[in-house]
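These numbers were taken from a predicted model, which means no experiment stands behind them. Heavy atoms only: backbone and side chains are in, while hydrogens, waters and symmetry mates are out.
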Amino acid sequence: MRKIVICLLLQVFIAMIIYSGCKLSIEDDELETAVTPDVKASGTVINVFLAKTNIQASYINVYRRKAGTDDSVNIGLLFPANVEPVNFTYTFCDELVIKDQNYQYSARYCINGKYIYSGWSSSVKSNESTYTNEDELKYTIASGGQFTYSASANTLTFSADVNEPAKPSAGYFTAKLGVLSKQTSNVYDINNLVTSNKIAEDSTIQLATLLPASLFDTPLTIAGIVGQREEKAGSKTKYVHWTEPLVLKIDGKAPAAKQITISSGSGSGYDYSRNVIVVVE
């Protein structure tokens with residue numbers, strides 16, 4: 001009789017574990033499949049609709065790629081206000097789209113310090129966009145322009161002028177430097193270098209001053225220069241928009257092949273993680 005009771009208790013305990021495991025698995029599945037964005041062209045822009053998850057996200061990154069390609073770019077993120085109803089949908093407005101170009105969108109939710117990725121949306125294009133030249137929507141540099149790195153001074157120096165995005169308008173974006181380490185990916189403000197709508201040749205980025213101490217003594221990859229614009233939906237959700245990056249070689253080498261290490265200093269950014277770094281020849 002005692003053996004039967006023990007056996008029954010063991011079966012109940014195993015059943016509880018299996019039930020609990022299944023419950024967690026279902027919740028995780030719901031979370032992962034709920035975030036694939038819906039998309040819709042509206043006039044000159046493309047709206048990306050992001051569903052609120054059943055667990056509050058700290059922030060949500062939005063990625064874009066040309067339909068049929070694998071190269072994606074981080075175009076921004078939003079910080080939920082934590083007051084939205086359960087069935088709420090966030091709307092990220094992508095205004096930096098080229099006329100008649102087909103795009104797809106994906107999202108990355110940061111939840112409890114972990115990332116959850118969505119699938120890619122259906123293809124969408126804006127027939128009414130007024131933009132036809134991608135270079136007008138990002139920072140540009142003359143052919144052959146690059147960074148010169150000084151390990152002793154912890155600096156990056158521009159070998160040529162870097163021009164602000166010509167559209168939507170001059171001064172529309174704030175210049176940021178994307179920096180990647182093994183643990184983090186952030187952008188840092190270099191807008192103090194901008195004068196007369198450009199970063200002048202021989203301008204220097206003081207990395208030991210710009211970057212936080214947590215990035216010292218670890219290999220870093222310079223992801224490029226992006227334009228950033230922030231907006232807030234009333235007093236609620238905060239939206240951050242990024243241009244496509246201007247990726248510069250460092251001493252003639254691609255960023256991934258020319259990692260840098262800062263030895264000491266201090267400095268602070270938003271989570272900017274581009275999927276793939278592409279060098280613009």
Side-chain angles (χ1 to χ4, degrees), residues 29 31-51 53 57 59-78 89-110 115-141 143 165-168 173 176 178 180 185 187 221-229 239-249 254-257 270-281:
D29 288 344
L31 188 61
E32 292 179 10
T33 57
V35 296
T36 299
D38 288 326
V39 291
K40 183 179 180 181
S42 177
T44 62
V45 305
I46 293 176
N47 287 322
V48 184
F49 302 105
L50 305 163
T53 57
Y59 58 86
I60 307 169
N61 286 103
V62 182
Y63 291 89
R64 182 184 69 202
R65 70 181 183 186
K66 293 178 181 177
T69 70
D70 294 325
D71 184 29
S72 60
V73 63
N74 191 340
I75 62 170
L77 77 167
L78 60 93
T89 299
Y90 307 105
T91 302
F92 186 93
C93 179
D94 184 11
E95 61 180 343
L96 303 181
V97 294
I98 299 300
K99 180 178 175 63
D100 295 331
Q101 173 65 57
N102 287 292
Y103 295 104
Q104 290 177 289
Y105 296 83
S106 178
R108 182 181 73 172
Y109 291 69
C110 181
Y115 292 131
I116 295 177
Y117 292 82
S118 80
W120 286 97
S121 72
S122 57
S123 178
V124 62
K125 66 179 178 180
S126 171
N127 296 322
E128 299 180 37
S129 174
T130 59
Y131 304 135
T132 57
N133 184 348
E134 292 181 342
D135 286 343
E136 292 182 329
L137 302 177
K138 64 180 183 180
Y139 289 84
T140 57
I141 195 169
S143 178
K167 295 181 179 179
F173 297 104
K176 302 284 183 175
L180 314 180
S185 49
V187 293
T221 299
I222 304 302
I225 301 169
V226 297
Q228 177 176 300
R229 183 175 66 85
Y239 293 84
V240 178
H241 299 262
W242 286 312
T243 65
E244 291 198 14
L246 167 64
V247 182
L248 298 177
K249 290 183 177 181
Y270 291 136
D271 187 340
Y272 178 81
S273 175
R274 189 183 174 191
N275 285 357
V276 181
I277 296 176
V278 177
V279 176
V280 180
E281 298 291 349

- Task: Indicate yes or no: at least one non-hydrogen side-chain atom of Tyr131 is less than 4.5 angstrom from one of Pro168.
- Result: yes
- Query: From Ser118 OG over to Leu50 CG, what is the distance, rounded to the nearest 0.5 angstrom?
  - Reply: 8.0 Å
- Does any non-hydrogen side-chain atom of Asn127 lie less than 4.5 Å from one of Asp100? yes
- Item | Polar side-chain atom of Ser122 near backbone of Asp38 as donor-acceptor pair, under 3.5 Å | no
- Please examine the side chains of Tyr103 and Val48, heavy atoms only from C-beta on, and report whether any two atoms are closer than 4.5 Å. no
- Query: Are side-chain heavy atoms of Leu248 and Ile225 found at a separation under 4.5 Å?
  - Reply: yes
- Query: Does Lys99 NZ have over 12 foreign heavy atoms under 6.0 Å away?
  - Reply: yes
- Message: How long is the straight-line distance from CG of Leu96 back to OG of Ser126, given to the nearest 0.5 Å?
- Response: 11.5 Å
- Mind listing the closest non-hydrogen atom pair of Val39 and Ser121 along with its distance? CG1-OG, 3.7 Å
- Do Val73 and Trp242 have side chains that get closer than 4.5 Å, going by heavy atoms? no
- Residues Val124 and Ala41: closest non-hydrogen pair is CG2-N, 3.7 Å
- Query: Measuring from Thr91:OG1 to Tyr239:OH, what's the distance to the nearest 0.5 Å?
  - Reply: 6.0 Å
- Query: Between Val240 and Gln228, is any pair of side-chain heavy atoms under 4.5 Å apart?
  - Reply: yes
- Partners of Thr89 by side-chain contact (heavy atoms from CB on, under 4.5 Å), sequence neighbours excluded? Phe49
- Message: Which residues pass the ring-ring contact (aromatic ring centres under 6.0 Å, His included) test with Phe92, not counting sequence neighbours?
- Response: His241
- State the CD-NZ distance between Glu136 and Lys167, to the nearest 0.5 angstrom. 4.0 Å
- Message: To the closest 0.5 Å, what do you measure between CG (Leu246) and CG (Asp135)?
- Response: 9.5 Å
- Task: Check whether any side-chain heavy atom of Ser185 sits under 4.5 Å from a side-chain heavy atom of Leu180, and report yes or no.
- Result: yes
- Give the minimum heavy-atom separation between Ala57 and Tyr109, together with the two atoms involved. CB-CD2, 4.0 Å
- Message: Could you report the tightest heavy-atom contact between Lys138 and Glu244, atom names first, then the distance?
- Response: CB-O, 3.4 Å
- Note on the structure: Here the gap from Glu95 atom CD to Thr130 atom OG1, rounded to the nearest 0.5 Å, amounts to 10.0 Å
- Query: Where do Lys176 and Val187 come nearest, in terms of heavy atoms and distance?
  - Reply: CB-CB, 3.8 Å
- Counting distance only, does the side-chain N/O of Ser123 pair as donor-acceptor with the main-chain N or O of Asn102 below 3.5 Å? no
- Mind running side chain to side chain contact (heavy atoms under 4.5 Å, CB included) on Asp94 and Ile75 for me, showing each step along the way? CA-CA 8 Å; Asp94 184 11; Ile75 62 170; 3.7 Å; yes
- Message: Whether the side chain of Gln104 engages the backbone of Ala67 through a donor-acceptor N/O pair (distance < 3.5 Å, no angle test) should be reported.
- Response: no
- Of all heavy-atom pairs between Pro37 and Gly119, which one has the smallest distance, and what is that distance? CD-O, 3.8 Å
